[in-house]
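First comes the structure, then the notes that go with it.
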2 protein chains.
Amino acid sequence: MELFEKTGKIALGSRLRYMASNVTDEAARLHELYQIDFAPKWFPVFFVLSEGDCKTITDIANEIGHSQPSVTKIVKEMINAGLVEDNLRSQDKRRNMVGLTKQGKALWERMRIQCIDIDHAIDGIIQEATHNLWEALAEWEFLLEQKSLLKRVQEQKKIRESKDVRVVPYQAEYRQAFKSLNEEWISTYFEMEETDHKALDNPEEYILAKGGKILVALYNNEPLGVCSLIKMDHPEFDYELAKMAVSPKAQGKSVGTILGRAIIEEAKTLGASKLYLESNTILKPAINLYHKLGFQKITGYPSPYQRCNIQMELDLRNS
Amino acid sequence: MELFEKTGKIALGSRLRYMASNVTDEAARLHELYQIDFAPKWFPVFFVLSEGDCKTITDIANEIGHSQPSVTKIVKEMINAGLVEDNLRSQDKRRNMVGLTKQGKALWERMRIQCIDIDHAIDGIIQEATHNLWEALAEWEFLLEQKSLLKRVQEQKKIRESKDVRVVPYQAEYRQAFKSLNEEWISTYFEMEETDHKALDNPEEYILAKGGKILVALYNNEPLGVCSLIKMDHPEFDYELAKMAVSPKAQGKSVGTILGRAIIEEAKTLGASKLYLESNTILKPAINLYHKLGFQKITGYPSPYQRCNIQMELDLRNS
DNA sequence: AGTAATTATATAACCAGTTATGCAAATTTA
DNA sequence: TAAATTTGCATAACTGGTTATATAATTACT
């Protein structure tokens, strides 16, 4: 199929289905070649039953990775074909124990020969090819079990989108965003306090004029994250990292990380040696982010905020 | 799936189907991730329409390798979703020209980004894996087009079965087979002649007693092929290769070749230096076999058989 | 020009699987 | 020990495809 070269790997599913149906069609004709009256779809059930004892419908389904109703249907067909018997010995009357009939066992003996021929034929193709399809499938089953395709694509999306996040200094046009993004999370988890209102209603005066800094993260020119450094009058700490807020719309774009790293760089260029922050352990993603950025938990400083139950610091002289 | 390791490569079809369904399921969830209201099965149609102009149902079906009714259904669904318009300009009123709507084109632009992420994600798996599934599929498509799986298995069957063919010297128990196998082909294509009756009714006297040899090919102890060397009283030729017959039941087991090689070996151990045979060009498979065994066409010797229109020789001193 | 053959599509019926559901038997819990 | 839950299976309805077939429009052939 030429199409697959054009679409790219997004058509992997279609390509697999296409190959599967080709192979299955040929398998059907193979049974004719060996003059065996056998539907290819019976094979997995037939195989597990050939291993010996009788089994329940559900056990077979689990072993072959089909749904239970699918096995029920196949077993019914195989009973009609005389290959399989059901309701074999079991005291549990819900269970339907299924096993091969004499005829089924005899057919299996003939089938094994056919399997060997097919195995050789497929090995032949593997020899001819430079890429081993059989091994590739086994490997992919493993790799996708480890980390699903969905997860892998999600990661790619994040990488791509985070490339489109720009961090810019605060300007008057972002005052509304600075306020609403912060109000959103504060009023969701806590109550707005007096100190919040002061800083959010007039950041120019309460943050910038006092030597602080505000950064805004833009995605498609829309402000989706904000963050500020507030100048502290403290023997140890130069700035407080505060009023960090990221819109829920921006999830999965690493906006928090990008903004955090940018504000730390900003602090460094301002000549800061130690940063301080206060938060609440209820905000798990935020705490995780601070940790990732290098902040360490500290204790014993007074806070103007009621909601604060954790304090952290970042020593910039280390890095 | 552990099963696939146990069944061997005969389950290739199942394994492919299993992987295809896994990948397709994840694809469906991917569209959710990107908040696109889109059924994965629409993708091939959507893709070919995105390439530009509108197309007929049948053209689309051919391009994506689906049946025409499948495309009819998909197009209908996409019309309901507002992505596609039908009955676009065409003077031929049988044709249903289909193209993307504005909305469809807009969706394609968003989708392209998604495709890139998926491509990257799949490339990532390919990097992790040692066997390249994508390339393997492309290669297999090519190799199976060159020679179908059916044909390849047929070849393996032939190789295996020809190993079970045993060649043994003539014994009285094979007299009936020697006669009937020869009568079968002679009376199908020609008339039985006087010379035939003599040799077939009493091979001990007319062939063996005169220093000739008869070999019988057995498959599962059943005589399915016969062949004889008849001592010639001739300055150039030592023996005539004659009364070679293979049952139609034995087709695809290389019985003819095996028997031919055996009788040539026999002639060598008898010290023969040149073999002779007569046949008819109507028997193409036989002539091919003689050729394969090394016989060369010659002319100008008298024959007791009416049906003979070609004569061949094999010089044993060459090999 | 009229008939026959071909083409493009829609529709119906099927196929190999799925999920959803209901029922009876068995097991667990109170 | 009775009630609640779980288990095993059959059945029904759906899905994404298929083949077979009917019909209308077009083209080819007297």
Side-chain angles (χ1 to χ4, degrees), chain A residues 1 11 13-29 31 38-46 54-80 84 86-98, chain B residues 1 11 13-29 31 38-46 54-80 84 86-98:
Chain A
M1 283 297 297
S14 301
R15 190 166 216 171
L16 283 164
R17 202 168 336 104
Y18 180 75
M19 175 75 73
S21 88
N22 281 353
V23 169
T24 317
D25 288 353
E26 293 217 67
R29 279 188 287 154
H31 294 301
F38 193 85
K41 64 165 170 167
W42 296 349
F43 185 80
V45 173
F46 195 47
C54 53
K55 300 195 162 131
T56 69
I57 300 275
T58 313
D59 284 349
I60 297 172
N62 289 335
E63 261 189 85
I64 70 174
H66 278 203
S67 65
Q68 164 265 310
S70 165
V71 175
T72 299
K73 262 190 223 173
I74 291 173
V75 163
K76 233 184 222 170
E77 288 177 29
M78 291 179 81
I79 288 171
N80 285 336
V84 148
D86 68 347
N87 289 317
L88 300 172
R89 72 214 102 89
S90 161
Q91 56 277 60
D92 185 337
K93 280 172 193 160
R94 295 167 307 175
R95 285 193 162 92
N96 187 357
M97 298 294 279
V98 178
Chain B
M1 284 294 298
S14 299
R15 190 165 215 170
L16 283 164
R17 202 169 335 105
Y18 180 75
M19 175 75 72
S21 89
N22 281 353
V23 169
T24 318
D25 289 353
E26 293 218 67
R29 280 188 286 155
H31 293 301
F38 193 85
K41 65 166 169 167
W42 295 350
F43 185 80
V45 173
F46 195 48
C54 53
K55 302 198 160 128
T56 69
I57 299 276
T58 315
D59 285 349
I60 297 172
N62 289 334
E63 261 188 84
I64 70 174
H66 278 202
S67 64
Q68 163 265 311
S70 165
V71 175
T72 299
K73 261 191 223 172
I74 290 172
V75 163
K76 233 185 222 170
E77 289 178 27
M78 292 179 81
I79 289 170
N80 285 336
V84 148
D86 67 347
N87 290 315
L88 300 172
R89 73 212 102 86
S90 162
Q91 56 277 60
D92 185 337
K93 282 173 192 161
R94 293 167 306 174
R95 284 195 163 91
N96 187 356
M97 299 293 279
V98 179

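Just so it is clear, the model here is predicted, and its values are computed rather than measured. So that the names make sense, note that chain A is the first sequence line, chain B the second, and so on, each numbered from 1.
- Partners of B:H66 by ring pair (Phe, Tyr, Trp, His ring centres under 6.0 Å), not counting sequence neighbours: none found.
- Contacts of B:R29 classified as side chain to side chain contact (heavy atoms under 4.5 Å, CB included), with partners at least two apart in sequence or in another chain: A:L150, B:E26, B:E32.
- Phosphate contact (OP1/OP2 of C:dT11, side-chain N/O of B:K76, threshold under 4.0 Å): present.
- Legend: residues meeting side chain to side chain contact (heavy atoms under 4.5 Å, CB included) with A:T56, ordered by chain and number and at least two apart, are A:T58, A:D59, A:R95, A:M97.
- Going from atom NZ of A:K55 over to atom P of D:dG8 covers 16 Å, rounded to whole Å.
- Checked against side chain to side chain donor-acceptor pair (under 3.5 Å), B:S21 has no partners two or more places apart in sequence or in another chain.
- For A:S21, no side-chain nitrogen or oxygen approaches OP1 or OP2 of D:dT18 to under 4.0 Å.
- Comparing atom distances between the A:T72 side chain and each of C:dT18, D:dC9, C:dT11 picks out D:dC9 as nearest.
- Scanning for side chain to side chain donor-acceptor pair (under 3.5 Å) contacts around A:T24 gives an empty result, with sequence neighbours left out.
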Can you tabulate the close N/O pairs, meaning under 3.5 Å, that link protein atoms to atoms of nucleotides 15-17 of chain D?
residue, atom, partner, partner atom, Å
D:dG16, OP2, B:K41, NZ, 3.3
D:dG17, OP1, A:R17, NH1, 2.8
D:dG17, N7, B:K73, NZ, 3.1
D:dG17, O6, B:K73, NZ, 2.9

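- No option in A:F38, A:F46, A:F43 other than A:F38 meets the ring pair (Phe, Tyr, Trp, His ring centres under 6.0 Å) test with A:H31.
- The CD1 atom of B:I57 sits 17 Å away from the P atom of D:dA25 (whole-angstrom rounding).
- Applying the side chain to side chain contact (heavy atoms under 4.5 Å, CB included) test to A:N22 and every residue at least two apart in sequence or in another chain returns A:Y18.
- A:A39 pairs by the side chain to side chain contact (heavy atoms under 4.5 Å, CB included) definition with A:K41, A:W42, not counting sequence neighbours.
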Indicate for each nucleotide in nucleotides 21-28 of chain C, in 5' to 3' sequence, whether protein heavy atoms under 4.0 Å reach the base (B), only the sugar-phosphate (S), or nothing (-).
----BS--

